[in-house]
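Nothing here was measured: the structure is a model prediction, and the numbers come from that model.
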Amino acid sequence: MIIGLTGSIASGKSTVSEMLKNQGYPIIDADLVARLVVEPGSETLEQIRQAFGPEVISSDGTMNRAKVGEIIFNDPVSRKTLNNIIHPAIRQEMLKQRYELLEQGFKTIIMDIPLLFESRLQYIVDKILVVSVTEENQYKRLVERNGFTEKEARVRINSQLPMSVKEDGADAVIYNNGTLEETKQQLSRILVNWQAVSEKE
């Protein structure tokens with residue numbers, strides 16, 4: 001069983017991912033994969049250089065994220081170009097890792113994909129687990145934890161699909177508004193319900 005784990009900014013998805021990791025489930029982390037595919041010397045990074053010019057590569061051969069961010073921030077066309085290069089590479093690498101884990105005999109694999117719905121990746125997983133939080137808590141965490149201003153927090157929350165849409169698309173929802181213990185209990189119930197086992201065959 002392939003479980004797609006997702007949420008929204010400051011929903012606590014990383015906390016749930018950590019809980020799953022501690023229970024022995026193999027995790028494919030989309031954020032790590034995104035960094036992996038643009039490593040120095042990679043084909044993806046070369047495509048980015050061809051699309052945006054040599055200034056997007058730092059002197060040490062890594063991608064100059066600040067420069068790329070600057071280029072795509074106010075230009076939807078450039079952003080689309082970048083996404084068209086990066087997204088297929090991420091998808092391919094995630095599927096490769098999934099295949100390797102299945103080959104190793106893992107029965108349940110967690111694919112931690114922050115933008116699962118936004119990237120329309122529902123088809124690569126069997127079950128979708130959404131970590132949800134009230135907008136009020138989301139906002140509070142962003143301001144307190146990340147030091148965002150009120151406006152910055154609102155912009156980030158509004159740039160993502162509403163929580164309600166994600167909940168509608170989920171097979172199960174963890175409501176992460178209470179204590180860590182409550183979150184853990186919800187997770188355990190869902191895993192038992194889905195008969196998700198962390199051992200290899």
Please check if [X] and [Y] belong to a single hydrophobic cluster, counting links between Ile, Leu, Val, Met, Phe, Trp and Tyr side chain heavy atoms closer than 4.5 Å.
X      : Y      : result
Leu95  : Leu102 : yes
Leu121 : Leu129 : no
Leu20  : Met94  : no
Leu191 : Val131 : yes
Ile28  : Ile128 : yes

Separation between [atom1] of [X] and [atom2] of [Y], rounded to the nearest 0.5 Å:
X      : Y      : atom1 : atom2 : value
Leu45  : Thr62  : CG    : OG1   : 8.0 Å
Asn137 : Ser132 : CG    : OG    : 10.0 Å
Tyr25  : Met1   : OH    : CE    : 8.0 Å
Glu70  : Ile72  : CD    : CD1   : 11.0 Å
Ile113 : Leu5   : CD1   : CG    : 9.0 Å
Ile9   : Ser159 : CD1   : OG    : 7.0 Å

Using a distance-only test with no angle check, is there a side-chain donor-acceptor pair under 3.5 angstrom linking [X] and [Y]?
X     : Y      : answer
Glu46 : Gln50  : yes
Gln97 : Glu93  : yes
Ser8  : Lys166 : yes

Quick one: are [X] and [Y] in side-chain contact, heavy atoms under 4.5 Å?
X      : Y      : value
Met63  : Arg35  : no
Val130 : Met163 : yes
Trp194 : Thr108 : no
Glu55  : Asn64  : no
Leu32  : Leu36  : no
Val173 : Gln186 : no
Leu82  : Arg79  : no
Tyr139 : Glu150 : yes

What's the shortest heavy-atom distance between [X] and [Y], and which atoms?
X      : Y      : value
Leu161 : Glu118 : N-OE2, 3.3 Å
Ala30  : Ile90  : O-CG2, 4.5 Å
Gly178 : Glu182 : CA-OE1, 3.1 Å
Asp126 : Asp171 : O-OD2, 4.1 Å
Gly4   : Leu116 : CA-CD1, 4.1 Å

Measure from the side-chain N and O atoms of [X] to the backbone N and O of [Y], and report whether any donor-acceptor pair falls under 3.5 Å.
X      : Y      : result
Arg49  : Val56  : no
Asn177 : Val133 : no
Arg98  : Met111 : no
Asp112 : Ile27  : no
Thr6   : Pro114 : yes
Thr44  : Ile86  : no
Gln138 : Ile157 : no

Check the surroundings of atom [atom1] in [X]: do more than 12 heavy atoms from other residues, nucleotides or ligands lie under 6.0 Å from it?
X      : atom1 : answer
Gln185 : CD    : yes
Leu180 : CG    : no
Glu136 : CD    : no
Arg145 : CZ    : yes

What do the steps show when you test Ile110 against Ser17 for side-chain contact (heavy atoms from CB on, under 4.5 Å), and what is the final call?
CA-CA 8 Å; Ile110 312 295; Ser17 184; 5.6 Å; no

If you apply the rule side-chain contact (heavy atoms from CB on, under 4.5 Å), what do you find for Met19 with Asn22, and how did you get there?
CA-CA 5 Å; Met19 287 174 182; Asn22 292 338; 5.7 Å; no

Determine whether Glu152 and Asn146 satisfy the following criterion, side-chain contact (heavy atoms from CB on, under 4.5 Å), listing intermediate values before the conclusion.
CA-CA 10 Å; Glu152 283 169 338; Asn146 299 51; over 6 Å; no

Walk me through whether Arg154 and Phe148 qualify under side-chain contact (heavy atoms from CB on, under 4.5 Å).
CA-CA 9 Å; Arg154 295 272 177 232; Phe148 289 154; over 6 Å; no

